[in-house]
Amino acid sequence: MDAGLLVLRVVAGLLVAGHGVQKVSFRLGGHGLAGGTEEFRHDGFRGGRLTAVVAGASQIGAGLFLTAGLLTPLAAMAAMGVMTVAGTVKWPKGLWVQNDGYEYPLVLVVVSAALALTGPGRWSADHALGVTPWPVWVALAAIVIGPVSGLLTRLVLHRAPTATEGKIHAQSAD
């Protein structure tokens with residue numbers, strides 16, 4: 001079981017962290033901070049550069065903490081939050097990733113929730129520090145707070161399209 005949790009943590013954690021690296025740099029196929037900023041604007045977020053930096057840093061931190069199995073419920077909560085935001089962006093396109101849907105963010109949210117519930121396993125920083133097992137209420141709080149914080153972030157940072165963007169969107173739908 002510990003080997004399986006290690007594999008799950010490392011793969012999911014590094015994918016979440018890599019997603020963040022793409023938002024703020026040219027590494028891993030990213031388009032730099034300017035590209036990350038533009039991506040958020042295109043997706044209907046206000047906040048520009050700060051939004052890209054906070055989202056990227058959250059993904060990098062959450063992913064690396066998940067990978068290490070360090071403060072696992074908190075890392076899972078942060079990962080669920082940022083990937084819930086990503087899911088809201090892709091929601092209108094449906095589930096499947098081939099249509100740019102929310103399948104991938106959903107998988108990362110579910111994996112993060114599972115890691116919060118199961119704990120990181122023996123081969124983790126949490127175990128080495130003697131903080132496992134985490135109380136069930138901590139995992140349940142993380143599973144609720146993570147996605148809710150993502151939805152609140154989307155609500156607070158969402159902006160209505162400008163008149164020009166609305167016209168362009170309407171024309172492209174025709």
Side-chain angles (χ1 to χ4, degrees), residues 4-5 7-67 75-118 142-174:
L5 289 171
V7 169
L8 189 62
R9 275 193 354 257
V10 168
V11 171
L14 290 178
L15 285 172
V16 171
H19 204 70
V21 167
Q22 291 177 325
K23 296 278 184 287
V24 297
S25 76
F26 290 100
R27 303 220 184 267
L28 305 177
H31 299 286
L33 186 53
T37 301
E38 182 55 34
E39 177 184 348
F40 277 99
R41 285 187 183 134
H42 178 266
D43 290 339
F45 289 91
R46 66 176 127 233
R49 190 177 201 117
L50 180 61
T51 301
V53 167
V54 170
S58 296
Q59 290 171 321
I60 293 167
L64 293 178
F65 273 54
L66 274 179
T67 299
M77 180 179 68
M80 286 185 280
V82 294
M83 296 317 296
T84 296
V85 173
T88 66
V89 170
K90 296 179 175 298
W91 183 265
K93 297 176 183 174
L95 174 64
W96 301 113
V97 74
Q98 72 263 25
N99 298 322
D100 199 27
Y102 60 92
E103 173 187 2
Y104 175 68
L106 177 63
V107 168
L108 290 176
V109 167
V110 171
V111 167
S112 297
L115 287 170
L117 286 169
T118 63
I143 290 169
V144 171
I145 293 169
V148 168
S149 70
L151 293 172
L152 287 174
T153 298
R154 176 69 176 182
L155 185 67
V156 168
L157 293 180
H158 186 262
R159 63 176 173 76
T162 64
T164 305
E165 289 171 335
K167 287 178 186 175
I168 291 170
H169 181 70
Q171 289 173 353
S172 66
D174 291 340

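- Using a distance-only test at 3.5 Å, with no hydrogens or angles considered, a donor-acceptor pair links the side chain of Arg46 to the main chain of His158.
- At distances below 3.5 Å, not a single donor-acceptor pair connects side-chain atoms of Ser25 with backbone N or O atoms of Gln22.
- Side-chain atoms of Arg9 and Thr67, non-hydrogen and from C-beta on, never get closer than 4.5 Å to each other.
- A pairwise comparison of heavy atoms in Ala76 and Ala116 identifies CB-CB, 3.9 Å as the closest pair.
- Minimum interatomic distance between Ala79 and Val16 (heavy atoms only, all atoms of both residues): CB-CG1, 4.3 Å.
- Side-chain contact between Leu152 and Val148 is present, with at least one heavy-atom pair separated by less than 4.5 Å.
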For this session: Please report the C-alpha distance between Thr118 and Leu8 in whole Å, then the side-chain angles of each, then the deciding distance to 0.1 Å, and finally whether the side chain to side chain contact (heavy atoms under 4.5 Å, CB included) criterion is met.
Result: CA-CA 11 Å; Thr118 63; Leu8 189 62; over 6 Å; no
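- Separation of atoms CE (Met80) and CG (Leu106) is listed at 12.5 Å; rounding is to 0.5 Å.
- The nearest pair of heavy atoms linking Glu103 to Val97 is OE1-N, 2.9 Å.
- Summarising the geometry of Gly56 relative to Val24, their closest heavy-atom pair is CA-CG1, 4.1 Å, with the distance given to 0.1 Å.
- Other residues, nucleotides and ligands contribute at most 12 non-hydrogen atoms within 6.0 Å of the CZ atom of Phe65.
- When all heavy atoms are compared, the tightest approach of Ala12 to Val111 is CB-CG1, 3.6 Å.
- Checked against salt bridge (charged side-chain N to carboxylate O under 4.0 Å, His left out), Asp100 has the following partners two or more places apart in sequence or in another chain: Lys90, Lys93.
- In terms of heavy-atom proximity, Ala142 sits nearest to Pro147 at O-CD, 4.1 Å.
- Summarising the geometry, atom CE belonging to Met83 is positioned 4.5 Å from atom NE2 belonging to His19; distances are rounded to the nearest 0.5 Å.
- Within the structure, the ring pair (Phe, Tyr, Trp, His ring centres under 6.0 Å) test picks out the following pairs touching residues 37-60 (sequence neighbours left out): Phe40-Phe45.
- Here the CG-CG distance, from Leu155 to Leu151, works out to 8.5 Å after rounding to the nearest 0.5 Å.
- Judged as a side chain to side chain contact (heavy atoms under 4.5 Å, CB included), and not counting sequence neighbours, the contacts of Leu50 are Val54.
- Between the CG atom of Asp43 and the OG1 atom of Thr51 there is a distance of 11.5 Å, given to the nearest 0.5 Å.
- Residue Arg49 qualifies as open at atom CZ: its count of foreign heavy atoms under 6.0 Å is 12 or below.
- In this structure the side chain of His31 never reaches within 4.5 angstrom of the side chain of Glu39, judged on heavy atoms.
- To the nearest 0.5 angstrom, Leu66 atom CG is 6.0 Å from Leu115 atom CG.
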